[in-house]
Amino acid sequence: LTKDGSWGGSLELIEEQTVSSATSSINFTNIKGSQYDVHFLTILGYETNGGGSELVLVRFSNDGGSTYESSNYQNAQQVCATSGSFSVISGTSDSAIQLSYTNNTEQSNNYVFLYNLNNSSKYSFATFHGLKQGADISFGSGVYAVSETINALQVTTGVACDVATIKLYGVKQI
């Protein structure tokens with residue numbers, strides 16, 4: 001099984017995108033949803049040029065990336081600041097799944113598991129962990145509360161991303 005690469009839980013790299021100049025969003029339009037029930041997204045060194053704190057967001061598309069949904073998301077996450085204080089961020093009518101935040105001096109790093117993207121009878125879910133360069137950490141989950149087939153996804157912030165490496169994997173099932 002190892003030789004065939006068919007162990008459950010192993011990863012197949014679907015696509016890698018590297019950003020090295022101002023980009024408003026990073027889109028993955030071939031997520032191979034019919035092959036994978038679970039996807040894994042890594043976001044490394046995400047940095048913006050906006051000057052203030054910006055949320056790193058994930059949005060879904062049901063039309064191959066022509067449009068990305070901007071409503072019907074719900075989020076909850078725990079954030080631990082370098083000061084040792086904890087806070088909760090949550091929302092029931094958000095415009096995207098909120099992963100973490102970044103700014104033009106501190107990079108954001110995240111890993112995200114995505115579930116049910118290709119299942120038109122279930123909501124699409126995400127669970128995630130994040131680390132901002134200043135050592136703030138976050139973990140949580142989000143849901144796109146509409147049952148439909150998701151066939152593309154977008155990573156974005158309110159301002160342009162200057163630097164990032166983002167990889168999308170499919171998680172093999174047994």
Side-chain angles (χ1 to χ4, degrees), residues 11-36 38-75 77 79 89 91 93-118 124-144 146 148-171:
L11 302 175
E12 177 194 343
L13 179 62
I14 296 172
E15 185 178 358
E16 177 179 346
Q17 294 191 41
T18 301
V19 175
S20 58
S21 62
T23 302
S24 62
S25 61
I26 299 93
N27 301 325
F28 292 87
T29 57
N30 179 17
I31 65 170
K32 296 186 179 183
S34 61
Q35 272 184 268
Y36 300 105
V38 179
H39 291 78
F40 182 62
L41 186 68
T42 61
I43 303 169
L44 303 173
Y46 197 102
E47 185 177 311
T48 62
N49 62 8
S53 291
E54 294 291 333
L55 288 168
V56 179
L57 309 169
V58 172
R59 290 193 174 113
F60 298 135
S61 173
N62 63 7
D63 63 6
S66 295
T67 58
Y68 289 90
E69 302 301 324
S70 59
S71 61
N72 299 307
Y73 295 94
Q74 299 174 19
N75 290 280
Q77 68 176 277
V79 178
I89 300 172
S93 59
D94 294 329
S95 63
I97 293 176
Q98 303 170 7
L99 301 178
S100 65
Y101 64 97
T102 184
N103 60 37
N104 64 343
T105 60
E106 296 178 329
Q107 296 179 343
S108 177
N109 299 284
N110 300 270
Y111 68 84
V112 185
F113 282 97
L114 302 161
Y115 306 92
N116 303 329
L117 298 185
N118 196 53
S124 295
F125 286 88
T127 59
F128 54 87
H129 283 83
L131 173 66
K132 188 170 71 87
Q133 186 175 355
D136 294 352
I137 60 170
S138 62
F139 63 92
S141 63
V143 62
Y144 175 60
V146 176
E148 62 187 15
T149 300
I150 301 302
N151 53 24
L153 62 94
Q154 177 183 73
V155 177
T156 187
T157 52
V159 298
C161 172
D162 284 341
V163 176
T165 299
I166 303 173
K167 297 178 184 180
L168 177 66
Y169 297 88
V171 180

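Because the structure is predicted, anything quoted here is derived from the model rather than measured. Position 1 is the first residue of the sequence, and the numbers go up from there.
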### Query
Going by heavy atoms in the side chains, are V155 and L99 under 4.5 Å from each other?
no

### Message
Closer than 3.5 angstrom, by distance alone: can the side chain of S61 be matched with the main-chain N or O of T67 as a donor-acceptor pair?
### Response
yes

### Query
Just by modelled atom types, is the N27 backbone N or O under 3.5 Å from a matching donor or acceptor in the Q17 side chain?
yes

### Query
Do you know the tightest heavy-atom contact between I150 and S124?
CG1-OG, 3.4 Å

### Interatomic distance, I43 atom CD1 to L168 atom CG [nearest 0.5 angstrom]
10.5 Å

### Task
Answer whether the closest heavy-atom distance between the side chains of Y73 and L57 falls below 4.5 Å.
no

### Task
Please check if the side chain of T156 supplies one atom and the backbone of S24 the other of a donor-acceptor pair under 3.5 Å.
yes

### Message
Below 30° counts as parallel, above 60° as perpendicular, anything between as tilted: where do the rings of F113 and Y115 land?
### Response
parallel

### Task
Measure the shortest side-chain to side-chain distance between I137 and H129 over non-hydrogen atoms and say whether it is less than 4.5 angstrom.
no

### Message
Please check: side-chain N/O of N75 versus main-chain N/O of Q98, any donor-acceptor pairing under 3.5 Å?
### Response
yes

### Task
Could you tell me whether the side chain of N151 and the main chain of G64 form a donor-acceptor pair under 3.5 Å?
yes

### Query
Any side-chain heavy-atom pair from Y46 and N110 closer than 4.5 angstrom?
no

### Task
Output yes when a side-chain donor or acceptor of S71 lies under 3.5 Å from a complementary backbone atom of E69, and no otherwise.
no

### Query
Which heavy-atom pair separates Y68 from A152 by the least distance, and what is that distance?
OH-CB, 3.9 Å

### 4.5 Å side-chain heavy-atom contact, I166 and T42
no

### Query
Does the side chain of T157 pick up a donor-acceptor pair with the side chain of T48 at under 3.5 Å?
no

### Query
Between Q77 and S138, which heavy-atom pair has the shortest distance, and what is it?
OE1-CB, 3.2 Å

### Message
Test your reading of the model: is there a side-chain donor-acceptor pair from N109 to the backbone of G45, 3.5 Å cut-off?
### Response
yes

### Task
Looking only at non-hydrogen atoms, find the nearest pair between Y144 and F60 and report the distance.
CB-CD1, 3.6 Å

### Summary
Nearest heavy-atom contact between S95 and R59 is O-NE, 2.9 Å

### Task
State the CG-CZ distance between L13 and F40, to the nearest 0.5 angstrom.
11.5 Å

### Message
For F125, is there any backbone N or O sitting under 3.5 Å from a side-chain donor or acceptor partner on N116?
### Response
no

### Query
What is the minimum heavy-atom distance between N118 and S34, and which atoms define it?
ND2-CA, 3.4 Å

### Query
Does the H39 side chain pair with the main chain of I31, one donor and one acceptor, at a distance under 3.5 Å?
yes

